[in-house]
Undergrad: 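Would you mind keeping the following structure in view while I ask a few things?
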Amino acid sequence: MANEATKNLTDLAEVFKALGHPTRLWIVRNLARQEMCVCDFVAGTGEEFSAVSQHLNVLKKARVVESEKRGKHVFYKLVYQCIPWLIDCMEVRNEVLQLSPQEQLAIAEQQRQKLIEYLKTLPLK
């Protein structure tokens, strides 16, 4: 039986599970720039419409993205604006691990400051 501390992390774990596919990571990264419709994802990934739709459903169920129907098209937007930043940080992890602990700490602090500045620019809901 899970304790209260792990129960409180259930929703967050669902977000990380939803990000566990390269196509979904691609979708999230591209949504950081702008809202997009399903046709944009199909064109960008080269996957079939049905596959993209399934990926979007996984992201939507985990509340990573929200959708809005406009005419015949459904547009998606990112809920967690920090996820693309996290993806970028994780991509450079192997390069950072080659550095000294002091250099790693300095880079981590720079990234933290960048994230804080970025989050300050986001509109409050």
Side-chain angles (χ1 to χ4, degrees):
M1 185 70 118
N3 65 28
E4 200 61 35
T6 57
K7 284 181 186 175
N8 291 337
L9 294 172
T10 301
D11 288 343
L12 186 57
E14 290 302 315
V15 170
F16 281 101
K17 280 194 252 181
L19 296 172
H21 192 279
T23 298
R24 293 193 289 268
L25 289 172
W26 184 94
I27 289 170
V28 168
R29 175 176 272 159
N30 282 275
L31 282 175
R33 297 183 192 107
Q34 64 187 6
E35 291 183 2
M36 297 174 76
C37 73
V38 179
C39 59
D40 297 324
F41 300 129
V42 170
T45 64
E47 293 191 24
E48 296 293 324
F49 180 89
S50 60
V52 169
S53 184
Q54 287 178 344
H55 287 302
L56 288 166
N57 282 332
V58 170
L59 292 170
K60 194 172 179 181
K61 183 179 176 190
R63 293 178 290 211
V64 174
V65 300
E66 294 176 341
S67 64
E68 179 183 332
K69 187 167 179 141
R70 297 182 201 152
K72 294 180 180 181
H73 299 284
V74 178
F75 285 83
Y76 289 83
K77 68 179 180 178
L78 191 58
V79 174
Y80 293 97
Q81 295 295 325
C82 60
I83 292 175
W85 173 83
L86 179 63
I87 293 167
D88 290 344
C89 285
M90 293 180 78
E91 279 188 329
V92 298
R93 72 187 180 279
N94 290 335
E95 295 171 29
V96 172
L97 291 175
Q98 305 290 329
L99 303 174
S100 72
Q102 294 83 7
E103 291 170 316
Q104 290 179 26
L105 221 71
I107 289 173
E109 179 58 26
Q110 289 171 353
Q111 290 299 324
R112 188 179 76 80
Q113 289 300 323
K114 284 181 185 178
L115 177 60
I116 290 169
E117 292 305 313
Y118 174 71
L119 292 174
K120 287 179 182 178
T121 67
L122 298 176
L124 298 174
K125 283 192 172 185

Undergrad: Taking all non-hydrogen atoms of both residues into account, name the closest pair between Ala18 and Val64 and its distance.
TA: CB-CG2, 4.5 Å

Undergrad: Under 3.5 Å, is there a donor-acceptor pair between the side chain of Arg70 and the main chain of Phe75?
TA: no

Undergrad: Can you give me the closest heavy-atom contact between Leu31 and Met36, atom names plus distance?
TA: CD2-N, 3.8 Å

Undergrad: Might you point out which heavy atoms bring Trp26 and Gly44 nearest each other, and give the distance in Å?
TA: CH2-CA, 3.5 Å

Undergrad: Does the Arg112 side chain pair with the main chain of Glu109, one donor and one acceptor, at a distance under 3.5 Å?
TA: no

Undergrad: Could you measure the distance from the CD atom of Gln110 to the CD atom of Gln113? Nearest 0.5 Å is fine.
TA: 9.5 Å

Undergrad: How far does CD of Glu35 sit from CD of Glu66, to the nearest 0.5 angstrom?
TA: 9.5 Å

Undergrad: Do any N or O atoms from the side chain of Thr45 and from the backbone of Phe41 form a donor-acceptor pair under 3.5 angstrom?
TA: yes

Undergrad: Taking all non-hydrogen atoms of both residues, which atom of Gln111 and which atom of Cys89 are closest, and how far apart?
TA: OE1-SG, 3.5 Å

Undergrad: Using 0.5 Å steps for rounding, measure from the CD atom of Glu47 to the NE2 atom of His55.
TA: 4.0 Å

Undergrad: Any ion pair linking Glu14 and Lys17 (charged N to carboxylate O, less than 4.0 Å)?
TA: yes

Undergrad: Which value, rounded to the nearest 0.5 Å, describes the distance between Arg93 atom CZ and Gln104 atom CD?
TA: 13.0 Å

Undergrad: Output the rest of the hydrophobic cluster of Ile107: all Ile, Leu, Val, Met, Phe, Trp and Tyr residues reachable through side-chain heavy-atom contacts under 4.5 Å, sorted by chain and number.
TA: Val92, Val96, Leu99

